[in-house]
J.: 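Sharing a structure below in structure tokens format, with a few things to ask.
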Amino acid sequence: MTTEHEAGSDWAQVDEYLNGTIVKPGEEFQRIHEAAEAAQMPAIEVSAAHGKLLSLLVQISGARRILEVGTLAGFSTVWMAQAAGENGQVTTCEFEPKHAEVARKNLDQAGVGDRVEILLGPAAQSLQQLVDTPGNQPFDLVFLDADKASNPEYLELALQMSKPGTVIIGDNVVRGGEVLDADSEDPDIQGQRRFLALQGDHPRLDATAVQTVGAKGWDGFSIAVVR
Ligand code: DHB
Ligand code: MG
């Protein structure tokens with residue numbers, strides 16, 4: 001087993017080829033990359049191919065109300081907000097004020113600022129507040145992509161704001177194969193292992209996980225639908 005997350009150069013080249021051939025990200029995504037780099041943010045956003053997959057999942061499921069945990073510079077947020085359309089609403093949770101500030105600019109520049117609310121602070125607190133707010137409609141689609149150690153907790157909170165048909169996607173569930181290490185001392189790995197087991201055992205979820213390679217290395221995502 002390799003613990004290497006680094007992309008094989010051929011994986012990255014194929015992603016580049018696919019970006020130019022079928023994914024076709026708009027220029028706004030290049031601007032987001034540049035803004036994130038200028039702000040010295042970590043380059044851990046989803047690849048363009050995965051961003052487009054999120055967009056397609058929004059379109060296929062007809063999602064209008066979207067919850068994201070982990071905004072970063074707003075890259076995946078823009079993909080989903082565009083797909084949700086003018087009447088869509090994205091609520092996205094971010095811990096770092098600096099990241100939220102960069103994301104706000106990126107969202108506004110991409111023309112989707114009006115349909116995105118950024119909740120600043122620890123995501124578990126923001127999610128609990130959403131749960132406790134009377135009258136909130138359930139979410140149609142949830143993307144979990146923040147600190148992986150808390151994913152079991154985020155999943156439970158997301159389920160409290162779900163309905164039959166809600167789609168729940170989790171990023172980075174393979175991490176170069178590290179997910180196999182039951183004795184890992186990395187809280188993120190233990191979080192992802194519990195996150196996957198919870199989904200497999202949950203009476204309200206029908207779920208799978210798919211391994212991926214590409215510009216972001218060897219990783220994977222989980223996808224579930226609420227029964
Ligand atoms: C990391 C986090 C991510 O969400 C990701 O997609 C890749 C890497 C990280 O924390 O290292
Ligand atoms: Mg991620």
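All ligand and atom numbering here is 1-based and tracks the order in the structure.
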J.: Do Gln129 and Thr133 have side-chain atoms, one donor and one acceptor, less than 3.5 Å apart?
T.: no
J.: Checking contacts here: is it the side chain or the backbone of Glu45 that comes within 4.0 Å of ligand 1, counting heavy atoms only? Could be both or neither.
T.: neither
J.: Can Lys216 be said to touch ligand 1, with heavy atoms closer than 4.0 Å?
T.: no
J.: Any nitrogen or oxygen of Asp171, main chain or side chain, under 3.5 Å from a nitrogen or oxygen of ligand 1?
T.: yes
J.: Just the protein N/O/S atoms under 2.8 Å from the Mg ion (ligand 2), please, no waters.
T.: Asp145 OD1, Asp171 OD2, Asn172 OD1
J.: Can you establish whether the number of heavy atoms outside Asp114 located under 6.0 Å from its atom CG is more than 12?
T.: no
J.: What donor-acceptor contacts under 3.5 angstrom involve side-chain atoms of residues 188-198, with partners at least two apart or in another chain?
T.:
residue : atom : partner : partner atom : Å
Asp188  : OD1  : Lys148  : N            : 3.4
Asp188  : OD1  : Ala149  : N            : 3.1
Gln190  : NE2  : Ala182  : O            : 3.0
Gln190  : NE2  : Ser184  : O            : 2.8
Gln192  : OE1  : Asn151  : ND2          : 2.9
Gln192  : NE2  : Asp171  : O            : 2.9
Gln192  : NE2  : Asn172  : O            : 2.8
Arg193  : NH1  : Val179  : O            : 2.6
Arg193  : NH1  : Leu180  : O            : 3.4

J.: So for Arg175, does at least one of its heavy atoms come nearer than 4.0 angstrom to any atom of ligand 1?
T.: yes
J.: Distance check, rounded to the nearest 0.5 Å: Glu28 atom CD versus Asn106 atom CG?
T.: 10.5 Å
J.: So which pairs with a foot in residues 14-44 pass ring pair (Phe, Tyr, Trp, His ring centres under 6.0 Å), sequence neighbours left out?
T.: Phe29-Phe75, Phe29-Trp79, His33-Phe75
J.: Would you be so kind as to tabulate the donor-acceptor pairs closer than 3.5 Å made by side chains of residues 155-166, with sequence neighbours excluded?
T.:
residue : atom : partner : partner atom : Å
Ser162  : OG   : Ala158  : O            : 2.7
Lys163  : NZ   : Asp140  : OD1          : 3.3
Thr166  : OG1  : Phe139  : O            : 2.7
Thr166  : OG1  : Lys163  : N            : 3.0
Thr166  : OG1  : Lys163  : O            : 3.1

J.: Pick whichever of Asp219, Ile44, Asp188 has a heavy atom sitting closest to atom 8 (C) of ligand 1.
T.: Ile44
J.: Looking at CD1 of Ile169 and CG of Leu57, how far apart are the two atoms once the value is rounded to the nearest 0.5 Å?
T.: 4.5 Å
J.: Are there over 12 heavy-atom neighbours, none belonging to Gln59, within less than 6.0 Å of that residue's CD?
T.: yes
